Amino acid sequence: MANDASAAFDTLSPAVSKGSLADPFTPPADSSLWRKNFLLGAATASYQIEGAVDEDGRLPSIWDTFSATPGKVLAGDTGAVACDHYHRWEADIDMLASLGLEGYRLSIAWPRVMDAAGRPNRKGLDFYKRLLNRLKEKGITSFVTLYHWDLPQHLEDRGGWLNRDTAYRFADYTDLMSRELAGTVDAWATLNEPWCSAYLGYGNGHHAPGLANDRFATQAMHHLLLAHGLAIPVLRGNDPASQKGIVANIGRGTANSDSAADQRAAHLFEVQHNAWILDPLLKGEYPQDLFELWPGTEPLVLDGDMRTIAAPLDFLGINYYFRTNVASDGAHGFRDVPLEGVERTQMGWEVYPDGLRDLLTGFKKTYRNLPPIYITENGMASDDKVIDGHVDDAQRISFLKRHLAAVDQAIKAGVDVRGYFLWSLMDNFEWAFGYERRFGVVHVDYSTQKRTVKRSAELVAKFLKERKARV
Ligand code: IFM
């Protein structure tokens with residue numbers, strides 16, 4: 001397989017190392033980012049990059065089913081080939097290393113490593129073993145997410161996350177993975193963004209499996225969080241030296257006016273996006289305001305569940321992208337009031353770095369036991385084009401600089417943030433938006449699979465090189 005990625009980097013790196021590129025990225029001298037122990041890496045997820053959905057015994061996932069359903073994904077795109085990372089992983093890891101990135105956050109495809117009877121699939125397991133060993137050889141810190149949305153379809157056929165049994169199947173899967181991979185993983189995250197799995201998957205149907213009912217969303221969330229809580233002691237038993245945590249996406253909601261109703265609406269927005277997940281994890285209870293927003297949707301909770309869910313964490317992964325401006329909907333809830341004249345990304349999401357700082361400092365006040373934090377995703381989509389072999393993603397460079405400055409402000413305000421992962425290492429399958437939205441710091445030409453390092457990645461590499469050289 002041609003190593004296009006490294007070749008692209010080799011072509012561009014002299015300009016970077018000679019300092020002949022203007023540098024709108026490098027953080028100011030007093031930024032916490034200059035600390036060598038502040039981990040700077042990049043993230044991906046299995047279904048978004050791997051492809052090879054029918055290979056080596058991989059079973060179908062809910063995303064194979066969903067994306068094959070007409071009308072569910074833009075342009076009918078699917079993850080069948082994606083970035084072909086299953087075959088190109090070595091070149092992709094070389095590319096990651098050549099950029100000087102110190103951490104890599106990846107996820108494991110549950111349907112690739114376990115059959116329907118719960119037995120290991122050796123070929124699938126070997127793929128991740130090879131990959132993790134290579135990261136170790138290269139000195140790259142690995143953050144492994146066990147569940148980034150690709151639920152085996154056979155479990156969905158039995159109710160998916162609406163079925164409590166799925167939480168126990170997740171604990172079995174966690175047991176297998178942590179016995180097989182112990183010693184090769186630096187940090188385990190049980191789930192990626194349970195809000196998306198529960199709300200987009202079962203509450204409004206925008207994601208797989210495509211169900212739409214608020215009551216389903218709260219019950220699916222409970223089972224997801226239970227799965228997480230059951231998995232944490234399993235990880236502790238099988239792989240004691242690693243860090244254990246979970247990754248949550250968080251949303252900033254601001255009020256459209258000073259009126260009490262709009263202020264309350266903004267509060268409810270953040271309850272629905274943040275407290276719904278963080279309160280059970282960090283306080284062992286659901287926020288009662290959630291059920292003001294969605295009356296009558298209390299999930300079935302069995303004795304001991306909340307204690308299980310609130311198992312102590314070594315770290316909390318935070319994914320942040322944008323804010324939402326809201327007003328009261330005149331009843332129990334909120335409605336979006338998009339602001340005019342603000343900067344937006346290709347997703348239409350507002351660029352609002354202060355939201356990240358404000359949420360982090362707010363969590364520190366709300367949760368007395370807030371664990372150390374890693375920003376496990378942050379980044380933006382833009383309609384990037386390769387011109388004369390280069391991708392000038394100026395908006396992304398500015399976006400990253402401003403969000404990293406917000407992280408620095410949070411650290412200076414006393415929040416223990418230990419690292420930051422760019423979303424994403426490379427352009428990939430952006431779920432219901434298919435391949436049109438490009439989040440990578442590396443461009444992927446899907447017709448040739450050629451990787452081209454974007455200017456943002458060059459500048460991150462330049463910074464990391466300078467930081468490394470510092471005494
Ligand atoms: O691509 C996704 C990722 O899988 C989860 N967090 C948000 C990203 C951008 O939408």
Side-chain angles (χ1 to χ4, degrees), residues 45-48 50 52-69 72-73 78-80 107-125 127-128 144-180 188-203 205-213 215-232 234-235 246-247 299-300 302 305 308-309 431:
S46 46
Y47 192 73
Q48 294 181 272
E50 285 178 2
V53 292
D54 295 323
E55 256 176 81
D56 292 342
R58 180 189 177 278
L59 301 177
S61 80
I62 54 174
W63 270 95
D64 297 296
T65 311
F66 189 75
S67 59
T69 309
K72 298 294 184 191
V73 174
T78 76
S107 78
I108 292 172
W110 187 351
R112 205 182 275 294
V113 292
M114 219 177 185
D115 74 10
R119 288 175 304 232
N121 174 15
R122 287 284 146 210
K123 286 187 173 165
L125 274 165
F127 168 71
Y128 296 107
V144 172
T145 305
L146 285 159
Y147 183 69
H148 197 127
W149 310 353
D150 37 6
L151 186 71
Q153 181 62 43
H154 64 87
L155 291 178
E156 183 58 36
D157 294 342
R158 289 161 40 201
W161 291 110
L162 295 177
N163 183 349
R164 185 178 172 95
D165 186 58
T166 300
Y168 298 97
R169 299 289 71 79
F170 181 78
D172 292 344
Y173 158 61
T174 301
D175 181 46
L176 173 69
M177 296 316 298
S178 51
R179 276 188 287 111
E180 293 282 342
W188 292 96
T190 52
L191 309 177
N192 178 70
E193 303 182 351
W195 185 90
C196 294
S197 300
Y199 185 66
L200 303 179
Y202 294 85
H206 291 178
H207 279 187
L211 304 180
N213 180 316
R215 174 72 182 81
F216 289 176
T218 59
Q219 193 64 60
M221 176 66 86
H222 185 66
H223 293 151
L224 281 152
L225 294 176
L226 181 64
H228 155 83
L230 292 169
I232 290 288
V234 173
L235 292 168
I246 184 171
V247 170
L300 180 64
L302 301 191
D305 283 2
T308 302
I309 289 170
W431 307 112

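All residue numbers refer to positions in the sequence shown, counting from 1. Treat the numbers as computed from the prediction; the structure is a model and nothing was measured.
The CH2 atom of Trp63 lies 12.5 Å from the OG atom of Ser46; values are rounded to the nearest 0.5 Å. Leu125 CG to Met114 CE: the interatomic distance, rounded to the nearest 0.5 Å, is 9.5 Å. We find the CD-CG distance between Gln153 and Leu59 to be 10.5 Å, quoted to the nearest 0.5 Å. Note that OG of Ser197 is 5.0 Å distant from CG of Leu224, once rounded to the nearest 0.5 Å. The structure places CG of Leu226 at 8.0 Å from CG of Leu302, a figure rounded to the nearest 0.5 Å. Distance check: Asn163 CG to Gln219 CD gives 10.0 Å after rounding to the nearest 0.5 Å.
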Problem set entry | Step-by-step ring pair (Phe, Tyr, Trp, His ring centres under 6.0 Å) determination, Tyr147 to Trp161 | CA-CA 12 Å; Tyr147 183 69; Trp161 291 110; 5.4 Å; yes

Problem set entry | Trace of the side-chain contact (heavy atoms from CB on, under 4.5 Å) decision for Thr78 with Val53 | CA-CA 10 Å; Thr78 76; Val53 292; over 6 Å; no

For this session: Check the pair Arg112 / Tyr128 against side-chain contact (heavy atoms from CB on, under 4.5 Å), numbers first and verdict last.
Result: CA-CA 10 Å; Arg112 205 182 275 294; Tyr128 296 107; 3.7 Å; yes

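Aromatic ring pairs are classed by plane angle as parallel below 30°, tilted from 30° to 60° and perpendicular above 60°; the pair Trp431 and His207 is tilted. Between Tyr199 and Trp195, the ring planes lie tilted relative to each other; the angle falls in the 30° to 60° range. A parallel orientation is assigned to the rings of Tyr173 and Trp110, their planes being inclined by less than 30° (bins at 30° and 60°).
When all heavy atoms are compared, the tightest approach of Leu230 to Ala167 is CD1-O, 3.8 Å. The heavy-atom pair separating Pro152 from Pro111 by the smallest distance is CG-N, 4.1 Å. Nearest heavy atoms, Ser67 versus Gly79: OG-N, 4.3 Å. Closest of all the heavy-atom pairs between Pro194 and Ile246 is CG-CD1, 4.3 Å.
At least one side-chain heavy atom of Thr166 sits under 4.5 Å from a side-chain heavy atom of Leu151. Two residues are said to be in side-chain contact when any heavy atoms from C-beta on lie closer than 4.5 Å; Leu225 and Met221 meet this criterion. Looking only at side-chain heavy atoms (C-beta outward), Phe170 and Leu155 stay at 4.5 Å or farther from each other. Taking 4.5 Å as the limit, some side-chain heavy atom of Tyr202 sits within range of a side-chain heavy atom of Pro209. Between His228 and Ile232, the closest side-chain pair of non-hydrogen atoms falls below 4.5 Å. Contact check for Asp305 versus Arg164: side-chain heavy atoms found under the 4.5 Å cut-off. At least one side-chain heavy atom of His222 sits less than 4.5 Å from a side-chain heavy atom of Ile309. Here the side chains of Trp188 and Met177 are in contact, with some heavy-atom distance below 4.5 Å.
Although no hydrogens or angles enter the test, the distance criterion places a donor-acceptor pair under 3.5 Å between the side chain of Asn121 and the main chain of Asp56. With hydrogens and angles ignored, the 3.5 Å screen pairs no side-chain donor or acceptor of Tyr47 with any backbone N or O of Trp149.
Side chains of Asn192 and Thr145: no donor on one and acceptor on the other come within 3.5 Å.
With respect to Glu50 and Arg58, no salt bridge is recorded, no charged nitrogen being found less than 4.0 Å from a carboxylate O.
Here Asp172 pairs with Arg169 under the salt bridge (Lys or Arg N to Asp or Glu O under 4.0 Å) rule; sequence neighbours left out.
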